[in-house]
Participant: 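Dumping the structure here so I can ask a few things about it.
Everything numeric in this text was worked out from a predicted model, so none of it was measured.
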Amino acid sequence: QVQLVESGGGLVQAGGSLRLSCAASGRTFTGYNVGWFRQAPGKEREFVAAINWSYGSTYYADSVKGRFTISRDSAKNTVYLQMNSLKPEDTAGYYCAGDSRAYFGDRYYAKIISDATYDSWGQGTQVTVSS
């Protein structure tokens, strides 16, 4: 399994930006789906965004579409989550997750937005957006 380390969280005012990083060690992200999830206190963990490392295809939750961008850097073996126009409701612990299995057809989207799919997780990084 790949080991994941997140960084880049912090405190920012509403309307501001942060860029989270998810660095892999132990192996490359080749063949992986990499997802970002978040969990606020008292709430369930929710899908934020995902990227298919091989094809570069990206997926977003409706709540972040148009504000967040997920991307990858092959040279650095790192996935990024650029977060713009942040809102107080974006406040949460953000977690990077990896899954090396392949899914096809209608199953693909359902799989990558589910946290149960992923078998490698980082320790998380806190994002706090003040109003």
Participant: Applying the 4.5 Å side-chain criterion to the ILVMFWY set and letting contacts propagate, would Y60 and I113 be lumped into a single cluster?
Facilitator: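 Per the 4.5 Å side-chain linkage, Y60 and I113 are not co-clustered.
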Participant: Cluster question for you: counting only ILVMFWY and a side-chain heavy-atom cut-off of under 4.5 Å, with indirect links fine, are V129 and L20 together?
Facilitator: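 The answer is yes; both residues are in one hydrophobic cluster.
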Participant: Testing the basics here: between P88 and A14, what is the closest heavy-atom pair and its distance to 0.1 Å?
Facilitator: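 Nearest pair, atom of P88 first, then A14: CD-CB, 4.1 Å.
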Participant: Do V79 and V127 land in one hydrophobic cluster if side-chain heavy atoms of ILVMFWY residues count as linked below 4.5 Å?
Facilitator: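 Per the 4.5 Å side-chain linkage, V79 and V127 are co-clustered.
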Participant: Donor-acceptor pair, S57 side chain versus Y55 backbone, under 3.5 Å?
Facilitator: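 Pair absent, no side-chain N/O of S57 close to backbone of Y55.
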Participant: Can you give me the closest heavy-atom contact between T125 and E6, atom names plus distance?
Facilitator: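 Nearest heavy atoms, T125 then E6: CG2-CB, 4.0 Å.
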Participant: In Å, rounded to the nearest 0.5 Å, how long is the span from CD of Q13 to OG of S131?
Facilitator: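 So the CD of Q13 and the OG of S131 are separated by 9.5 Å.
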Participant: Output the distance between atom OG (S54) and atom CZ (R72), rounded to the nearest 0.5 Å.
Facilitator: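 Separation between the atoms: 8.0 Å.
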Participant: Which atoms form the tightest heavy-atom contact between L18 and G8, and what is the distance?
Facilitator: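 Smallest interatomic distance, heavy atoms only, reads CD2-O, 3.9 Å.
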Participant: Examine distances only and state if a side-chain atom of N77 and a backbone atom of F29 form a donor-acceptor pair shorter than 3.5 Å.
Facilitator: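 Yes; judged by distance alone, with no hydrogens or angles, the pair exists.
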Participant: Check W36 against L81 and note the closest heavy-atom contact, atom names and distance.
Facilitator: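 The answer is NE1-CB, 3.6 Å.
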Participant: Kindly indicate, with the supporting measurements, whether the criterion side chain to side chain contact (heavy atoms under 4.5 Å, CB included) is fulfilled by D73 and Y80.
Facilitator: CA-CA 8 Å; D73 185 327; Y80 300 101; 3.7 Å; yes
Participant: May I ask you to say whether K65 pairs ionically with D62, meaning some side-chain N is under 4.0 Å from a carboxylate O?
Facilitator: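 Yes, this pair counts.
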Participant: Taking all non-hydrogen atoms of both residues, which atom of T128 and which atom of Q126 are closest, and how far apart?
Facilitator: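 The answer is OG1-NE2, 3.5 Å.
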Participant: Would you say that L86 contacts F68 through its side chain, given a criterion of any heavy-atom pair below 4.5 Å between the two side chains?
Facilitator: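 Yes. Closest side-chain heavy atoms under 4.5 Å.
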Participant: Below 4.5 Å, heavy atoms only, C-beta onward: do T30 and W53 meet side chain to side chain?
Facilitator: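 Sidechains of W53 and T30: in contact.
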Participant: Under 3.5 Å, is there a donor-acceptor pair between the N33 and Y103 side chains?
Facilitator: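 Side-chain D/A pair, N33 to Y103: absent.
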Participant: Hey, any chance F37 and Y94 share a hydrophobic cluster, counting ILVMFWY side chains that come within less than 4.5 Å of each other, even indirectly?
Facilitator: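 Different clusters: F37 never reaches Y94 through Ile, Leu, Val, Met, Phe, Trp or Tyr contacts under 4.5 Å.
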Participant: Taking side chain as C-beta onward, heavy atoms only, is S17 less than 4.5 Å from V12?
Facilitator: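 S17 does not reach V12 side chain to side chain.
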Participant: Assess whether a salt bridge exists between D99 and K111, defined as any Lys/Arg side-chain N lying under 4.0 Å from an Asp/Glu carboxylate O.
Facilitator: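 Salt bridge between D99 and K111, a charged N being under 4.0 Å from a carboxylate O: no.
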Participant: Can I51 and Y32 be said to form a side chain to side chain contact (heavy atoms under 4.5 Å, CB included), step by step?
Facilitator: CA-CA 9 Å; I51 186 167; Y32 268 70; over 6 Å; no
Participant: Indicate if Y95 and M83 have the same hydrophobic cluster label, given that clusters are the connected sets of ILVMFWY residues with side-chain heavy-atom separations under 4.5 angstrom.
Facilitator: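 Different clusters.
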Participant: Are the side chains of V64 and R38 in contact, using a 4.5 Å heavy-atom criterion?
Facilitator: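 Yes, their side chains come closer than 4.5 Å.
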Participant: Establish, for the pair R45 and W121, whether the NZ or CZ atom is under 6.0 angstrom from the six-membered ring centre and no further than 45 degrees off its axis.
Facilitator: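 Yes, cation above the ring, under 6.0 Å and within 45°.
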Participant: For Y118 and I112, indicate whether the former's side chain and the latter's backbone hold a donor-acceptor pair under 3.5 Å.
Facilitator: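 Yes, the answer is positive, given that a donor and an acceptor are paired below the 3.5 Å cut-off.
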Participant: Keeping to residues at least two apart or across chains, list the disulfide (SG to SG under 2.5 Å) pairs with something in residues 23-77.
Facilitator: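 Checked against disulfide (SG to SG under 2.5 Å) - neighbours excluded - no pair reaches residues 23-77.
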Participant: For residues R101 and D119, report the shortest heavy-atom separation together with the two atoms involved.
Facilitator: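 Shortest heavy-atom separation between R101 and D119 comes out as NH2-OD2, 4.2 Å.
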